[in-house]
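Here's the structure, in structure tokens; my notes come after.
For the numbers below, each heavy atom of this structure counts, side chains included, while hydrogens, waters and symmetry mates do not. Each chain gets a letter, A, B and so on, in the order its sequence line appears, and its residues count up from 1.
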Amino acid sequence: RDQIQTAGSSTVLPYATIVAEAFGENFKFPTPVVESGGSGAGRKKLCEGVGENTIDIANSSSRITQADIDTCKSNGVNEIMEVRFGYDGIVFASEIKGPEFAFTPADIYGALASNVAKDGKIVPNTAKTWKDVKAGFPTQNILMFIPGTKHGTREVFDTKVIEAGCKASGAYDLFKAASKGADDKAKEKDAVSACNDLRKDGASVEIDGDYTETLARIAANKDGIGVFGLSFYQNNTDKLRVATVNGITPSVETVAKGEYPVSRPLYFYVKKAHIGVVPGLQEYIDFFVSDDIAGPNGPLAQYGLVPDPELAKTQEMVKNDVAMGPLK
Amino acid sequence: MSIGILTLIVIALAAGGFLLGRQIAVGKVAGDIRKLHSLPGYYGQTVFLFTAVPALLLMLGWLLVQPLLIHERVGAMIAPEDIASGSSASLVMSDVRRIADGLALIEAQGAAIPADAGTVREALGRVGVALGTDVKPSVYAAAKAYGAMSATGGKAMSVAVLVLALAGFGFAIARIRPAFRARNVSETFVRALLIGASSVAILTTLGIVLSLVFETVHFFKVYPFADFFFSLTWNPKFGGGSDLGIWPLIWGTLYISLIALLVAVPVGIFSAIYLAEYASKKVRAVVKPLLEVLAGIPTIVYGLFALITVGPALRDWFAQPLGLGSSSSSVMTAGVVMGIMLIPFVSSLSDDIVNAVPQSLRDGSYGIGATQSETIRQVILPAALPGIVGAVLLAASRAIGETMIVVMGAGAAAKMSLNPFDAMTTVTVKIVSQLTGDTEFNSPETLVAFALGLTLFVFTLGLNILALFIVRKYREQYE
Amino acid sequence: MNDMRLMERVVDDTRIKISAKDVQVWYGDSHAIKDVNIDILDKTVTAFIGPSGCGKSTFLRTLNRMNDTIPICRVEGEILLDGENIYDRKVDPVQLRARVGMVFQKPNPFPKSIYDNVAYGPRIHGLTRNKAELDEVVESALKKAALWKEVKDRLTAPGTGLSGGQQQRLCIARAVATSPEVLLMDEPCSALDPIATAQVEELIDELRENFSVVIVTHSMQQAARVSQKTAFFHMGNLVEYGDTTQIFTKPSDPRTESYITGRIG
Amino acid sequence: MNDMRLMERVVDDTRIKISAKDVQVWYGDSHAIKDVNIDILDKTVTAFIGPSGCGKSTFLRTLNRMNDTIPICRVEGEILLDGENIYDRKVDPVQLRARVGMVFQKPNPFPKSIYDNVAYGPRIHGLTRNKAELDEVVESALKKAALWKEVKDRLTAPGTGLSGGQQQRLCIARAVATSPEVLLMDEPCSALDPIATAQVEELIDELRENFSVVIVTHSMQQAARVSQKTAFFHMGNLVEYGDTTQIFTKPSDPRTESYITGRIG
Amino acid sequence: MTAEATNIPAPKRRSLYQLDARTRRRNASETRFRAYGVAAIAFGMIALAVLLWSILGQGLSAFTQTRIAMDVTLDAAVLDKSGKRDPVELAKATTLAYGKILDQALVKQATDKGLMPEGLSAKDAAGILSKEAPAQLRRMVLDNPALIGTTVQIEALANGRIDGLLKGRVTMESAKLDSNVSPAQLVLAQNLKDAGLLAKSFNFDFITAPDASEVRPEAAGLGVAILGSLYMMMIVLVLALPIGVAASIYLEEFAAKNWFTDLIEVNIANLAAVPSIVYGILGLAVFINFAGMPQSSPLVGGLVLTLMTLPTIIIATRASLKAVPPSIKDAALGIGASKTQTVFHHVLPLAMPGIMTGTIIGMAHALGETAPLLLIGMVAFVRDYPAAPPEGFLDPAAALPVQVYNFTRRADPAFLERASGAIIVLLVFLALMNVAAILLRRKFERRW
Ligand SMILES: Nc1ncnc2c1ncn2[C@@H]1O[C@H](COP(=O)(O)OP(=O)(O)OP(=O)(O)O)[C@@H](O)[C@H]1O
Ligand SMILES: Nc1ncnc2c1ncn2[C@@H]1O[C@H](COP(=O)(O)OP(=O)(O)OP(=O)(O)O)[C@@H](O)[C@H]1O
Ligand SMILES: [Mg+2]
Ligand SMILES: [Mg+2]
């Protein structure tokens with residue numbers, strides 16, 4: 001095998017292809033093959049073992065878990081390099097001709113949760129239009145396209161929007177109080193689980209496909225509000241109207257500064273045993289995290305990647321091939 | 001000698017053997033082939049088979065075994081300390097292989113083989129073989145040994161294969177006698193081939209079951225069996241604590257497939273009947289392949305069609321006026337669109353079957369004053385029933401296995417409802433999405449895909465057995 | 001045994017049932033029937049005889065437009081049934097065939113039960129009002145075709161599982177069950193044993209009381225036994241047509257004579 | 001015309017060609033042939049007669065193992081061809097059928113050209129050395145089957161486009177072309193006109209000089225004309241077997257007599 | 001012939017010209033039945049027309065592409081600092097350097113000809129060029145180092161948004177909202193177009209070029225995918241058709257009919273119902289992990305698709321083998337043809353139309369399937385062409401449906417047109433594949 005093989009997250013895929021293409025163009029090595037298929041599948045392939053018919057790099061939109069590291073170990077993949085190369089912002093956007101929205105997590109929680117807090121009590125959610133959720137919102141039917149449970153984005157959505165909104169609206173405390181859990185931990189767990197219980201009456205629609213599907217659904221349903229990646233939105237600003245969260249308009253800058261709340265890190269994991277064996281692997285990862293590529297003015301940022309403020313540290317780490325330690 | 005050329009030589013030899021065998025057979029009876037047990041061609045065939053088959057089998061076996069042997073011997077040459085920590089012997093071996101191939105390339109270009117390990121990387125780089133790191137001396141030595149052994153092995157293989165081919169050739173030629181039952185020999189061989197082909201289906205099944213069963217067992221270790229089979233909710237969550245009951249998915253699968261078949265079967269059968277019985281030859285020659293295009297359009301196109309056109313239309317024209325909800329993705333959308341895709345499965349196959357019903361049956365019916373449609377309904381369709389059922393089963397199978405149309409047409413939410421305008425989803429969709437998602441691999445959320453696959457396999461097996469019984473009951477043989 | 005049922009023939013000068021005028025049939029370019037003029041009488045059995053391939057079946061098929069099913073077959077001329085041209089555009093071949101039934105040369109039972117085979121015609125033509133009547137029709141048709149005894153215990157068995165002769169009788173029963181006005185039979189007895197043949201011949205004789213029967217046969221004896229009129233075909237031409245006794249005793253055309261005495265074929 | 005070729009019969013006491021011993025045939029549960037014992041002689045024409053459905057075709061098919069193709073059919077007993085049991089496991093039915101040819105009750109030409117229909121047997125058995133020889137074989141087979149004149153100009157036309165009788169003669173030609181040692185014919189003349197029948201009968205007579213011929217027929221006259229031996233079947237039993245003249249003149253079994261005189265069926 | 005018999009009144013004569021009520025009813029039902037047939041076909045045809053119309057409407061534009069004609073001076077000082085024209089040294093000049101040269105050339109040309117709209121910065125003006133253009137120029141120079149120092153005339157690819165302007169996808173209004181293009185850039189493009197320097201031309205690269213990344217929709221092509229699909233279909237055809245037909249012949253004609261063959265029959269029907277992704281799981285386990293075949297290779301893809309197609313071919317073939325009348329088999333057996341000869345000489349030719357249909361449908365399925373390829377690494381971004389077969393069977397490749405799938409998932413709307421274009425190519429591919437089968441089918445089709 002002459003070319004580098006990578007697999008994994010479809011969120012990372014566009015960045016990885018941009019890098020692979022530039023790498024193939026400017027180096028004497030063949031263009032790496034970039035597979036998609038999900039972070040989980042990518043990490044599974046990475047952990048299948050070392051050798052020519054296993055991949056070299058797994059792209060991931062979420063951090064590797066201890067279980068995956070254990071699987072890797074049991075298959076002889078002992079050393080993995082963890083490279084965080086930037087952040088992905090997650091935005092809410094609706095049809096361009098529709099009204100503007102300025103959300104807080106509590107608004108979205110109030111619209112989508114099965115049970116909401118009202119006057120200090122937990123009541124079933126009956127809101128039909130956004131106006132029912134909060135005065136000042138338009139009388140537009142609530143219809144939100146949220147990522148399906150297969151997507152890593154869903155996890156971010158759940159924790160940073162729904163749970164945050166749950167806490168902000170006071171529902172979390174009510175849930176916790178109502179929980180029959182034995183200790184505080186169990187109660188918290190119950191409360192989180194209750195927060196994450198979303199309506200099943202069609203107000204929230206899970207999307208197992210990609211952002212293009214969400215976009216098409218919004219085109220078919222003008223009332224719909226979708227969850228998108230920042231880069232996807234940036235390529236479709238003429239079709240989508242983005243909503244602010246906590247008053248902040250999402251952009252590469254606001255996410256990088258930490259003002260916009262909904263974002264997540266993006267990673268790739270390198271099988272260290274393959275460095276020095278698969279031609280060009282070292283060059284590729286160096287190239288990936290170089291300032292020319294992943295820096296604030298590089299093509300990735302142009303495309304919508306939020307650059308990692310600690311990129312220099314990462315570059316250093318990649319250069320020295322430092323394998324990751326135990327998970328913190 | 002490259003494998004391609006060796007194969008060609010063996011086949012050429014076998015082809016020559018065919019001609020020679022035939023010649024000899026004819027010669028033995030002085031051209032009077034009536035005295036031969038079998039047709040001369042069969043004598044040729046036996047020579048062909050005896051020459052080609054054992055030799056090619058040997059080659060195949062050799063190619064599988066030789067690398068293992070060389071691997072073992074060369075592997076011993078690499079000192080354990082040369083294997084970097086975290087790396088493995090197999091990775092070093094792949095480097096050895098790459099270097100050996102590069103050296104062969106250098107040799108082929110007439111350049112000098114680098115003398116010591118230090119310059120190897122550069123030299124190989126010049127012929128376009130990239131290496132990850134500099135080469136250690138022991139690795140270089142191993143690579144050279146590897147090259148030498150492969151070369152010898154290759155030569156030995158060529159010789160062995162050719163000798164075997166010639167031996168088979170000679171043996172078969174020597175066996176040619178007028179009384180030699182050449183036809184039976186070659187037919188036995190053909191039959192063995194046919195059996196071999198049928199066993200592919202069995203092996204595939206075995207492979208599928210085996211590749212699903214381990215992970216399924218794994219799944220049931222982390223997720224309770226009863227919850228999977230008896231829970232009525234499907235609600236996977238990222239961080240664990242998911243409900244993974246299969247029933248909503250099974251229900252969605254059945255519902256969507258049923259609607260798809262309700263569209264595809266009548267349309268398909270009526271199309272088939274029209275094409276086979278009414279349409280002129282010209283119309284048929286045009287329409288049939290056109291309908292088959294429907295089966296060739298990628299399902300993503302249907303998916304988009306469902307999402308953008310059919311879904312909103314059904315919502316605006318049916319669901320909302322009827323008060324059945326306002327979801328644009330629905331079982332109905334996916335079913336109708338999938339039905340369109342399945343039309344050719346029913347129509348083309350049924351058309352062939354209907355066309356094969358003997359004319360005399362039609363004559364018999366017309367002769368006592370039946371109209372064409374009566375003839376079709378009461379004589380031709382019953383006669384063609386087993387074939388048509390086969391076509392319908394095939395369509396049903398595709399409906400069960402379809403992903404893209406369901407995702408875009410019916411959505412991804414698992415639900416058990418009778419309302420055809422509700423969004424639902426199928427087992428297959430969930431297999432795909434759980435398998436390609438971002439969830440951790442060893443979590444029940446991902447492993448459930450295997451359990452779903454296996455359950456679906458058993459479930460459809462049951463449906464097929466049922467179908468077989470029904471067909472058996474109504475089968476009617478003509479002539 | 002040939003003449004065991006020889007009897008006096010009275011050819012009543014009945015009405016003309018079918019009248020063919022200048023009929024020509026082509027299969028593609030080959031001219032299979034040339035200029036045939038014939039008047040087939042009501043309540044009469046007419047036999048078509050002639051060497052194999054002379055066009056008997058072809059002409060028979062034109063009489064109820066069964067040739068419509070052969071794409072390359074083309075018919076010219078007029079065929080009048082009760083004075084009405086059956087090739088007229090207004091004529092519905094289905095209605096025609098209900099009145100002019102047909103039994104084919106090769107037995108072709110449907111892949112259905114014996115009962116359903118026979119009940120098929122009455123059902124589609126709506127000849128019976130209820131199951132009991134249908135049962136009766138089926139039974140009487142099977143009896144007429146001399147098959148009842150053999151199959152009465154297995155009416156639900158498939159018709160295709162019968163022996164060759166049984167199949168042929170089943171087809172006869174099927175045709176008779178619709179009670180057509182004219183029954184065309186293409187060698188109905190060729191697969192039958194003498195007993196069954198005698199029964200079918202009896203049936204033909206019976207049918208003649210109400211209907212017109214046209215029968216193609218290779219057996220001169222059979223023609224002599226059952227028919228009142230005989231037509232002799234040769235190479236697509238109707239050579240001679242007349243009373244059976246006359247044709248068999250003093251044929252006017254030399255070709256007829258040589259055929260009957262076994263010299264041309 | 002019945003007796004136009006009646007001639008003296010000399011039944012030479014020739015070798016036994018096929019010998020059936022205690023043959024039983026079942027279709028599923030129904031016992032179609034019961035305990036048949038018969039010796040069929042070489043260079044002899046044997047006729048099987050009997051009412052429709054009595055098992056003639058069934059028994060005929062057991063003689064060259066054509067019943068192997070009917071899954072529910074089961075045979076017991078021994079059938080010896082030249083002393084060798086054809087149901088032995090060592091016997092290749094293909095080779096057997098090349099030696100024991102068969103013409104079926106319903107004509108079944110291949111959907112190929114007339115020429116290819118006839119040439120098929122010689123081709124697969126390698127009976128000819130070259131095209132010219134093959135042409136010759138085809139021509140002579142078609143001539144023997146009395147079809148040559150009618151089809152010599154359209155040898156490349158499909159065999160399925162022929163008339164019923166022509167199809168049947170084509171099937172005879174196809175069987176004759178492989179020159180089998182025994183020829184089994186299931187009602188070969190049922191679709192034929194008298195001339196063609198006479199020609200086929202002549203052919204049968206000719207074949208007898210070298211081969212053994214078994215013929216199923218419903219025509220007593222034909223049996224009398226062509227056969228030297230006759231076997232009478234009734235409800236699956238071989239009731240009587242003997243010289244044709246004896247069977248037709250002084251049958252020893254009452255059932256034979258009643259059949260011949262037309263009383264049972 | 002008794003006296004009463006003759007007295008039975010003749011049945012009432014009906015005129016043939018007048019239809020009786022029942023016949024009229026039956027004819028009406030006949031007409032209805034026929035109408036259902038016509039309606040069914042019309043339904044299928046309309047669905048096909050709508051689908052094809054939308055595919056063609058969206059995809060045909062992928063076959064043209066906007067290019068900008070310009071003169072570029074290849075500055076030796078920038079591109080070859082060593083001045084020795086040494087390929088290794090030359091390769092050190094990256095696309096960034098070439099990009100700068102191109103940008104300057106474009107701005108210079110626009111300014112010289114007075115086409116620069118006011119208020120458009122040089123950087124933004126250069127933004128109308130594709131990011132692929134520098135790569136193309138670099139390739140051109142590396143292939144022919146003699147060009148360095150000269151001025152060459154090239155047709156550089158324009159950016160996807162500019163391409164969209166010419167194809168009607170992008171308008172001034174949309175550009176106002178679009179963060180990737182500004183109205184001023186569109187004005188520049190319009191000016192260049194009016195000056196005859198910017199035009200649409202046939203996009204041969206769409207068929208031959210490899211895929212491109214998200215930021216270069218204008219450069220994305222199907223070359224690798226077409227090769228990959230071609231290789232896989234070769235494997236599928238060579239394996240699935242013979243194995244499928246052979247298996248059907250065995251099961252239908254040779255195997256004894258007992259519970260075991262029933263089991264196999266049910267099993268094959270069931271294999272057809274196995275979701276295609278499960279075949280991917282199988283392929284991953286057997287061909288890649290067990291047999292050690294390479295990831296992403298057409299060989300593994302072809303094998304997986306073969307297994308997936310087999311049941312379809314077997315079911316169709318068996319159905320048509322069953323439909324061959326037994327009398328034909330009897331005829332052949334009766335003159336001493338062996339079972340094998342009977343099957344191959346008579347039964348198979350008669351079953352051919354059905355076999356062809358099964359093959360067409362099975363291959364169409366295999367050609368359009370993505371899901372099983374997901375797990376064996378073929379749903380991937382591959383830019384290097386696979387080698388010629390047989391070695392190429394082991395090189396990584398994509399496939400046409402994969403390309404469609406990938407294109408539809410990308411953010412830039414320009415990829416939507418490319419996805420439909422890829423579908424058109426796929427359908428043409430399918431049509432070419434089927435022509436032979438359809439002709440064969442027509443040749444073998446006959447009634448008996
Ligand atoms: N479907 C057909 N296509 C072409 N030619 C045909 C067709 N059917 C019959 N023929 C030809 O038309 C002529 C007359 O055939 P027809 O079937 O009428 O003969 P026939 O008198 O019934 O003979 P037989 O007694 O053998 O049944 C023959 O030469 C025959 O080959
Ligand atoms: N394939 C079959 N399956 C079941 N029963 C059969 C089958 N073929 C024949 N039979 C039965 O076996 C018996 C003998 O049939 P066979 O065909 O041998 O009669 P036959 O003497 O040839 O009659 P015919 O003169 O009418 O052709 C009949 O009762 C028939 O119904
Ligand atoms: Mg005829
Ligand atoms: Mg019989």
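If you measure heavy-atom distances from B/Thr436 to chain E, the contacts under 4.5 Å come from the side chain alone. For B/Leu203, no part lies under 4.5 angstrom from a heavy atom of chain E. Proximity to chain E is absent for every atom of B/Phe214, based on heavy atoms less than 4.5 angstrom apart. In this structure, the portion of B/Ile300 lying under 4.5 Å from any heavy atom of chain E is its side chain and not its backbone. When heavy atoms are compared at a cutoff of 4.5 Å, B/Leu468 approaches chain E solely by way of its side chain, counted from C-beta outward. Of the atoms belonging to E/Ala40, heavy atoms from both backbone and side chain fall under 4.5 Å from chain B. Using a 4.5 Å cut-off between heavy atoms, B/Ile388 makes no contact with chain E at all. Heavy-atom distances place both the backbone and the side chain of E/Gln341 under 4.5 Å from chain B. Residue contact with chain B, scored on non-hydrogen atoms closer than 4.5 Å, involves the backbone and the side chain of E/Leu48 alike. The part of E/Thr408 that comes within reach of chain B is its side chain, from C-beta onward, which places non-hydrogen atoms under 4.5 angstrom from that chain. Of the atoms belonging to E/Val50, it is side-chain heavy atoms, and not backbone ones, that fall under 4.5 Å from chain B. Both the backbone and the side chain of B/Val432 come within less than 4.5 Å of a heavy atom in chain E. Heavy atoms of B/Ile465 lying under 4.5 Å from chain E belong to its backbone as well as its side chain. Contacts of B/Leu290 with chain E are made by both backbone and side-chain atoms, with heavy-atom separations under 4.5 Å. Residue contact with chain E, scored on non-hydrogen atoms closer than 4.5 Å, involves the side chain of B/Ile343 exclusively. The parts of E/Arg34 that come within reach of chain B are both its backbone and its side chain, each placing non-hydrogen atoms under 4.5 angstrom from that chain. Using a 4.5 Å cut-off between heavy atoms, E/Phe290 does not touch chain B at all. With a threshold of 4.5 angstrom between heavy atoms, B/Phe450 approaches chain E through side-chain atoms but not through N, CA, C or O. Neither the backbone nor the side chain of B/Val429 comes within less than 4.5 Å of any heavy atom of chain E. Using a 4.5 Å cut-off between heavy atoms, E/Ile55 touches chain B through its side chain atoms alone. Heavy atoms closer than 4.5 Å to chain E are found in the side chain of B/Phe305, but not in its backbone. With a 4.5 Å cut-off on non-hydrogen atoms, E/Leu375 touches chain B through its side chain but not through its backbone. Looking at E/Phe344, the atoms closer than 4.5 Å to chain B (heavy atoms on both sides) all sit in the side chain, from C-beta outward. Residue contact with chain B, scored on non-hydrogen atoms closer than 4.5 Å, involves the side chain of E/Phe43 exclusively. Heavy atoms of E/Ile41 lying under 4.5 Å from chain B belong to its backbone as well as its side chain.
Of all the listed residues (E/Asp262, E/Leu374, E/Ile314), the one sharing the greatest number of non-hydrogen pairs under 4.5 Å with chain B is E/Asp262. Of the listed residues B/Asn184, B/Val293, B/Ile195, the one with more heavy-atom pairs under 4.5 angstrom with chain E than any other is B/Ile195. Chain B forms the most heavy-atom pairs under 4.5 Å with one residue out of E/Ala366, E/Ala273, E/Ala316, and that residue is E/Ala273. Counting heavy-atom pairs closer than 4.5 Å to chain E, the top residue among B/Phe457, B/Phe345, B/Tyr278 is B/Tyr278. Interface remark: of the candidates B/Gly387, B/Ala391, B/Gly390, B/Ser348, B/Ser348 forms the most heavy-atom pairs closer than 4.5 Å to chain E. Chain E forms more heavy-atom pairs under 4.5 Å with one residue of B/Ile400, B/Leu461, B/Leu349 than with any other, namely B/Leu461. Looking only at heavy-atom pairs under 4.5 Å with chain B, the residue among E/Ala47, E/Ala364, E/Ala437, E/Ala246 that has the most is E/Ala246. Most heavy-atom pairs under 4.5 Å with chain E, from the set B/Leu275, B/Leu463, B/Thr428: that is B/Thr428. Most heavy-atom pairs under 4.5 Å with chain B, from the set E/Ile281, E/Ile360, E/Val286: that is E/Ile281. Most heavy-atom pairs under 4.5 Å with chain E, from the set B/Leu304, B/Ile431, B/Ile297: that is B/Ile297. Per-residue heavy-atom pair counts under 4.5 Å with chain B were compared for E/Ser420, E/Gly358, E/Ala419, E/Ser338, and the maximum is reached by E/Ser338.
Considering every non-hydrogen atom in both B/Val287 and E/Met45, the closest pair reads CG1-CE, 3.9 Å. Between E/Leu426 and B/Pro298 the shortest heavy-atom distance is CD2-CG, 3.9 Å. Shortest non-hydrogen contact noted between E/Ala269 and B/Asn464 is CB-OD1, 3.3 Å. Here the closest heavy-atom approach between residue B/Ala370 and residue E/Arg26 is recorded as CA-NH2, 3.7 Å. Here the closest heavy-atom approach between residue E/Tyr279 and residue B/Ile208 is recorded as CE2-CD1, 4.0 Å. Closest approach of E/Pro353 and B/Asp352 over heavy atoms only: O-OD2, 3.7 Å.
Side-chain contact between B/Tyr302 and E/Leu51 is present, with heavy atoms from C-beta onward closer than 4.5 Å. Residues B/Arg377 and E/Ser29 meet the side-chain proximity criterion, which asks for heavy atoms closer than 4.5 Å. At least one side-chain heavy atom of E/Pro275 sits less than 4.5 Å from a side-chain heavy atom of B/Leu456. Looking only at side-chain heavy atoms (C-beta outward), E/Ile315 and B/Leu393 stay at 4.5 Å or farther from each other.
Judged by distance alone, with hydrogens and angles left aside, the side-chain atoms of B/Glu292 form no donor-acceptor pair with the main-chain N or O of E/Ile361 at under 3.5 Å.
Not a single salt bridge (charged side-chain N to carboxylate O under 4.0 Å, His left out) links B/Glu215 to another residue, sequence neighbours left out. The salt bridge (charged side-chain N to carboxylate O under 4.0 Å, His left out) check on E/Lys339 picks up nothing, with sequence neighbours excluded.
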Under the side-chain contact (heavy atoms from CB on, under 4.5 Å) criterion, do E/Tyr405 and B/Met404 qualify, and how do the steps go?
-> CA-CA 10 Å; E/Tyr405 176 69; B/Met404 208 52 100; 3.5 Å; yes
Kindly indicate, with the supporting measurements, whether the criterion side-chain contact (heavy atoms from CB on, under 4.5 Å) is fulfilled by E/Tyr36 and B/Ile273.
-> CA-CA 10 Å; E/Tyr36 295 149; B/Ile273 287 172; over 6 Å; no
Tell me, with the steps shown, if E/Thr357 and B/Lys288 meet side-chain contact (heavy atoms from CB on, under 4.5 Å).
-> CA-CA 10 Å; E/Thr357 303; B/Lys288 193 173 171 191; 3.9 Å; yes
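B/Val200 pairs with exactly one of E/Leu239, E/Ile243, E/Thr306 by the side chain to side chain contact (heavy atoms under 4.5 Å, CB included) rule, that one being E/Ile243.
Note that CZ of E/Phe254 is 6.0 Å distant from CG of B/Leu194, once rounded to the nearest 0.5 Å.
Of the N and O atoms on the side chains of B/Thr205 and E/Asn267, at least one donor lies less than 3.5 Å from an acceptor on the other residue.
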